Structure formats: C-alpha cells, structure tokens
Amino acid sequence: MPAIFPRLPAVLPAFALLPVLLLGGCLDMRTPVTEAVSAQAPTLPRAHPGYVQWLRRQSLLEQAQTYAAQVSGTPRQWARPADAARISRLLAAAGVWLRLAPSSLETDGSVLSALAGTQTLSMLRGMGVEGLLLSPLAESGGQWHERPTDGRDEISFAPAPGTGTDKELDRLTTAAERAGILTGGSLLPLATGFGPDFFLAARHAPEFTGLYVMLEVPPAFRAALPPAQEPLALATLTPAQMQQWHGAGLLPPEDSADGRCGWAVTGPFTGVDGNERRWLYRWQDSPLRPVLHWSDPSRRAAAIFSAAIIRHTGFRRQTLAMFDAAPLFSSRHAMQDFASSEAAAFCNTVARENRNCGGWTLLDTDVPPALLPAVLAAGTDFVRDSAATPAAVVALLTGDTAPLRAALEAQLQAGTDQRRLARILPGAEGMTLPLSPAVLRDVLPGLAAWQHYGLFSSGRLHATGATLAALAAGLSPAEAPRPAALAGILRRHTLLTAFCAGLPGLLVPQGADIRGALNVAGTASPHAPGLSASGRWRWEGAAADAALPAARLCYPSISHQRSDPASYASVLGRLGTLRRQYGIAEATVECLPDAPPGCIAVLLRLPDGRHLLNAANFTPESRTLPLTPTAGSAVLFGRHAALTDNSGHAALHLHAHECVMVLMESRKSATVSATVANPSQRRP
C-alpha cells in the first residue's frame, strides 16, 4: 500500500511555504497567523493554487481513488461471500470488546505500540477482553481549528498524529491475534469534521461538489445572513429561519425526528475561481460536524466510504467495523418507512461491502426499538442496544426497573435476535435514555452539582460508568474521587456491567471504565459534549501530560486490581470467562420471571440446552426472588450463599445493588420455566 500523503513541509519547498501561509483566504486552519503578520499579507483574487493542491493531497476523496484502484478490476471484490452473516463465528471468537479511545490513553511512546506490547495484551486477556475496538482513532477535525471536539469528528483514514502509524497498527493487529484478541475500529462517520474535504467543497473545487449536504447562499439572500469576516464564523439557523429558507426554495422541509440535526451558515470562503461564497450546510450533534451527502448523484461520499472499508477491513485486517448513521436515522422518513429510506440503503451497502472484505459490522446508532428488526434485516451484523442497556442505566440511577422490563419484553415480543445486539456500556460518546433530563433532575437532586461538566446535550447523557455509579450513590464531583466513596461506586458500577454481561450479544465496556474515570477532568465544551469524560489516564499510576486534563480515577492501577478479586478489572475478567465458558453471547432470552420491585430477572436458554437466570437488584435494600427447587442449580456469579433451600422452598437472596447468575442444569424449557414465578413473557 502506498504511504499516506505527506504533510505540507514535504509537499512544498521551504521557500514556498511562507507565501502559502500568508496569502489571504487560504490560511491553514491548524496554524493561526497573528494579526500583525496577516495585516501585511498580500492578497490574490482566488484561493492560492499551492494551498488548494496541498488540501487535495490531504483529502479523503483523493486518497479514496488510491484505495479503490487496489481493488477495482481484481478478484478481491468477490473473494469472500457477501451474503453470509456468520454471526455465531464472531460471538464464539470475541464476545467481549473493549472500546478504547487512543487519544485518552497516556503511554510511554505511541499508544498503538504500547498496546502491542506482550504485557499489555496479556493484561487485557486477563480482564476477559477478546476484542479491542479502537474508536475514535483517526485525525480529528479539531486539529484544523481552535475549537475543542470530542474526537468523533474524524477527517482522515490514518491514525491521529501522536497515536501511532499504519505500520504500528498492523503490528498491533498481528500481536493481538497471537494473543487471542481480535481488533476493530470505527469507519469514517457520516458527520465528519472540518478538514481538507470540507474546505475544498467550500472553495468550490469542482471535484468536491456534492460531497457534503451543503449549498451556496445566493447573493440575493446574503443580506439576511449575520455578518461574518472569517470562514469558520459559523451561525446556526433557528427552526423559524429554516422554515423561511424552505419557503424560499433553498432548504428541504425540516424533518428531524430527534432534534440532533440542523443547518448552519459559514462565513465567506474565497473559491478557486476567485468568487466569494457563503454556504448553508447540514450538521449532526454539533455545527462542527458537517454531514456527508451519501446519496448525492456524484457518489463521491459513497466512494469515500468504500475506500474506508477497503482500508479498514481489507488492508488493515480489522475484524469489526463500527459505523454511525445517525444523520440518516434523524429523518422522520426513516422512522415511518425504513425499508425505502436512505438509512436502509446506507446500512445495506456498508454491511455488504464490509463482508466482501471479510469483516463484521456494528451500527453504533441509537435505533428506535420498533425499527430493530428492519435494521437487522438490512444486513448489519450487530446494532447498538438502544433500549435495554439505557434502561439498565435508568434502573441504576433511579432504582426503577419498569423501563428495563418493558424494553426487554418489547424485544422478546418483537422476536429480536438479541445475539446481534451490542451492549455498549455508557461513555463519553453519549447515550439516549428512556427518561427526559428534566425528570432525571427531579429524581436525582445531586445531578445539579455535575452540570458544570456537561453531562447532558441534545437529550443525551455523556457520562462514564463510574460517574453514573457516583450519581446513583448521591456523591458530588468533589466526593466521588475520595477513597471513602470507592466501595459505593464499585458496587453500582459492577452491577451495571454484570447485568449487561448476563445478556446475549456483544458486551462492550469502555476503556476508561477499567480505571473508573470520572467526568471531572475539565469544563465541558458546548461543541463537544462529554469532552470532560475524555481526560488522559494510564493503566498504571496517574496521567502526567500537562497539555491535556488528567482524568480523576476511582480505581487503582491494573497491577493492584489484579490482586483484588473484588476490583473492577477482576470482576470483568470473571464475567468474560463465564460468557465464553457457557456461551452467554449466543444464548436466547426465554422469559422474564416476576421479580420484586426494583429487581429484574431474565431467564436465558444457553446453546447447550441448559438455562441461566440473570437476576439483579437495583435498590439499596435486600430483595428475595422465590424459586422452586431444581437439581444441580449453582451460582456462577455472585455470592454462593445467595441461593438457599429451606425445607423444600428455594429462594434467591439479592443484596442491595447486586447481580447474581444461577445455572440451572435442566435442559427442558418447561421444567425450568416452572422454577420461576409467573414468567410474564415468553419467546414466541
């Protein structure tokens, strides 16, 4: 494979560098020029050709042609079957994936090289990790301007500067496979960041037209725009303004179903033809994340995604490809008729092309539960669980398991293949809860103390697992990092992780969970919700990078946790062993037995015909779940004394904030169902 195109100093001679930086209308967004220098800068009637050429070399679209050329006209296009789901193969090989943001992990040397070390891989394997999901990994749009982002606004195929190189990623993949760990990561998001491709589209470079959902503001309408001097002087449109632009025939009707999409207008960009333009563009989650136009007739965005798959799965040998289609799922049309929507076509294309390269796909989008069967039918191998896992978070915070039971019952009644759900534990990327922030604030009086750290944005909760546990324990940001708070945080954090581990499908804990990182690293940015959850942390000791805020950690170093069977890392390792030994990832939800208020019980049928009862108590009081005696029942996870048999009456005793898993040896469904009280829902 050819090397990624070199940066500016390697492209232009030294004597040509100064004019490129000084010429008006073509500043490198990553290298602000002082007012004193820019005031003396000469001007051109158009964007400087040298700068435009350099941007092209950095762009995704030009690199996409290089990757496509490696596959076009070769047997690689059909070397692997595109219609084989092969779900069981991945679940058997890797049912537990650790989602790790390399930019947040502080190491000696590059992060990718450090992860490839024998000791690190052995440590991960000891924690039950079977797959390493590096996301976000690529260069962020935040490196091209001075506004902070959360790193998900990726604008490059290559790893972010400072994280490592493609060769180091290849070495990590090889070393991880030898250690029994698969690797994966995220494809380019549909909502990227401000980088070379957007700047070229805004400069009206012909080959970049149609790449983004954007259009030029006609001169006659410029008077209605707010004044702006700089290209990135952005202004978001209000719903009333969007309706006015729609009435003028410029914008489509606003059909966002979740309020996370919108339109914004840029400042003036000097084009390659010398004309100055301002642009209306579609954004997702933040005005700093413009949306690619995947279905544009030019198919330029589609070409970029094809290249991303070729690079990620075909050449870099990444097993799992995570992708986000949130901008397409924001459309009301996708909610009403998914099969004919742009979202369905996008998911089908990504899944099919990724299978051709030999990998699996994970849709990291909050899909409404009613759409799950249709989305899975569109070909995506795995989909983020946007119902049961968020409802479990609500149960942890409030002690109310009614939303959790309702979510599991809905999945059971719909016949959802729960093996294909990814139980992604909460993290900085955010999670939509089945409870409004206003209601949650009423239930959790202590939540106000955390608002400085921007936990909520657009109705989504951006918090680490340890932060949620601290909230549930009623701890303030000042109290949570103290040693006295450790037991309460660990007990609740372990409860959430264990309950999700006792459900079918993929289990995806967050890297920051291993050290109990809290959302108290710094002040949240309005453009990057959850950024304060992305503080730097280390496997051992405390982070020392003075350039970025260090995460406040609840849990000790990994070496210390290894010697403590009650530590988070040790518990995660036991859960991973149980999932692998009993095939929990491939199990089927049989029914939901009755349980006391604040508790939940799920009966699973394991692949070998035996059954597993996953029971959790989300309240601060002890609870008892009655059972009928069965031969060979044994507690696999939790206190062995939790299962008692007094004079022919068995019972499962759950302490406050405790999860217990019981193996039932009977291989007959009717017999096992009779051991639990009134199973209200059974699998059809």
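On a predicted model such as this, the values are computed, not experimentally measured, just so you know.
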- request: Can you see which heavy atom on L408 is nearest to which on A388, and at what distance?
  value: CD2-CB, 3.8 Å
field: Side-chain heavy-atom pair L663, L606 within 4.5 angstrom cut-off
entry: yes
query: Shortest non-hydrogen contact from L91 to A585?
result: CD1-O, 3.8 Å
statement: Rounded to the nearest 0.5 angstrom, the OG1-CD distance for T361 and E353 is 11.5 Å
message: Tell me whether R515 contacts the main-chain N or O of P556 through its side chain, where contact means a donor paired with an acceptor under 3.5 Å.
response: yes
query: Which heavy atom of T401 sits nearest a heavy atom of A395, and at what distance?
result: CG2-CB, 4.1 Å
Within-4.5 Å side-chain heavy-atom neighbours: N614 and I600: no
statement: Value for CZ (R99) from CG (L320), rounded to nearest 0.5 Å, stands at 10.5 Å
- prompt: Among side-chain atoms of Q510 and E429, is any donor-acceptor pair under 3.5 angstrom?
  reply: yes
query: Does a side-chain heavy-atom distance below 4.5 Å link C554 with L490?
result: no
- prompt: Does any N or O in the side chain of S570 come within less than 3.5 Å of the main-chain N or O of D564, such that one atom is a donor and the other an acceptor?
  reply: yes
- prompt: Does the T365 side chain pair with the main chain of V367, one donor and one acceptor, at a distance under 3.5 Å?
  reply: no
message: Can you tell whether the side chains of D381 and R86 come within less than 4.0 Å, N to carboxylate O?
response: no
query: Between T313 and N354, do the side chains contain an N or O donor and an N or O acceptor separated by less than 3.5 Å?
result: yes
message: Donor-acceptor check, side chain of R579 to backbone of A501, threshold 3.5 angstrom: yes or no?
response: yes
- prompt: Do T319 side-chain atoms and L182 backbone N/O form a donor-acceptor pair below 3.5 Å?
  reply: no
- line: Note: V571 and P565 closest approach over all heavy atoms is CG2-O, 4.0 Å
- request: Taking the side chain as every heavy atom from C-beta outward, state whether S186 and D324 have any pair of such atoms under 4.5 Å apart.
  value: no
- request: Report the distance from atom CZ of R580 to atom CG of L575, rounding to the nearest 0.5 Å.
  value: 11.5 Å
query: Salt-bridged, E658 to R623, with N to O below 4.0 Å?
result: no
Main-chain N/O of Q561 paired to S567 side chain as donor or acceptor, under 3.5 Å: yes
- request: Measure the spacing between CG of L134 and CG of L132 and express it to the nearest 0.5 Å.
  value: 4.5 Å
- request: To the nearest 0.5 angstrom, please state how far the CG atom of L100 sits from the CG atom of L115.
  value: 6.0 Å
message: So which atom in A616 and which in L495 form the shortest heavy-atom distance, rounded to 0.1 Å?
response: CB-CD1, 3.8 Å
task: Identify which one of T389, T497, D385 satisfies the side chain to side chain donor-acceptor pair (under 3.5 Å) criterion when paired with R423.
output: D385
field: Separation between CG of D364 and OG of S135, rounded to the nearest 0.5 Å
entry: 7.0 Å
message: Between E154 and S140, do the side chains contain a donor N or O and an acceptor N or O under 3.5 Å apart?
response: no
query: Does the side chain of R536 come under 3.5 Å of the side chain of S103 through a donor N or O and an acceptor N or O?
result: no
- request: Could you give me the CA-CA distance, side-chain angles and deciding distance for W539 and T120, then say whether side chain to side chain donor-acceptor pair (under 3.5 Å) is met?
  value: CA-CA 9 Å; W539 299 117; T120 301; 4.9 Å; no
field: Min side-chain heavy-atom separation L613-V660 under 4.5 Å
entry: no
query: Looking at side-chain heavy atoms only, is the closest gap between N617 and H655 below 4.5 Å?
result: no
- request: May I ask you to check whether over 12 heavy atoms, not counting those of E177, lie within 6.0 Å of atom CD?
  value: yes
message: Please check: side-chain N/O of R420 versus main-chain N/O of L376, any donor-acceptor pairing under 3.5 Å?
response: yes
query: Is the F323 to F305 ring centre distance short of 6.0 Å?
result: no
query: Do R538 and S557 meet the criterion of a side-chain donor-acceptor pair at a distance under 3.5 Å?
result: no
message: Check D594 with R405, please: is the shortest side-chain N to carboxylate O separation under 4.0 Å?
response: yes
Step-by-step side chain to side chain contact (heavy atoms under 4.5 Å, CB included) determination, F618 to L397: CA-CA 9 Å; F618 287 92; L397 294 174; over 6 Å; no
- line: Correct closest heavy-atom pair for T183 and A176 would be CG2-CB, 3.9 Å
field: Donor on one side chain, acceptor on other, T416 and Q411, under 3.5 Å
entry: no
message: Is the shortest side-chain heavy-atom distance between R355 and W360 below 4.5 Å?
response: no
- request: Decide yes or no for R419 and F382: does some side-chain heavy atom of the first lie under 4.5 Å from some side-chain heavy atom of the second?
  value: no
- prompt: Would T163 and L112 count as a side chain to side chain contact (heavy atoms under 4.5 Å, CB included) if you check the C-alpha gap in whole Å, the side-chain angles of each, and the deciding distance to 0.1 Å?
  reply: CA-CA 6 Å; T163 299; L112 296 180; 4.2 Å; yes
task: Determine the sole option in E168, R316, R178, Q318 for which the side chain to side chain donor-acceptor pair (under 3.5 Å) test with T173 is passed.
output: Q318
- request: For the pair D513 (side chain) and T464 (backbone), establish whether a donor and an acceptor sit closer than 3.5 Å, ignoring hydrogens and angles.
  value: no
query: So, R125 side chain and I181 main chain: donor-acceptor pair closer than 3.5 Å or not?
result: no
- request: Applying side chain to side chain contact (heavy atoms under 4.5 Å, CB included), run through R317 and T174 and close with a yes or a no.
  value: CA-CA 9 Å; R317 309 189 331 272; T174 301; 2.8 Å; yes
query: Between the side chains of S386 and D366, is a donor N or O closer than 3.5 angstrom to an acceptor N or O?
result: no
message: Which label fits H493 and Y555: parallel for a plane angle under 30°, tilted from 30 to 60°, or perpendicular past 60°?
response: parallel
Side-chain donor or acceptor of T398 paired with backbone N/O of V394 under 3.5 Å: yes
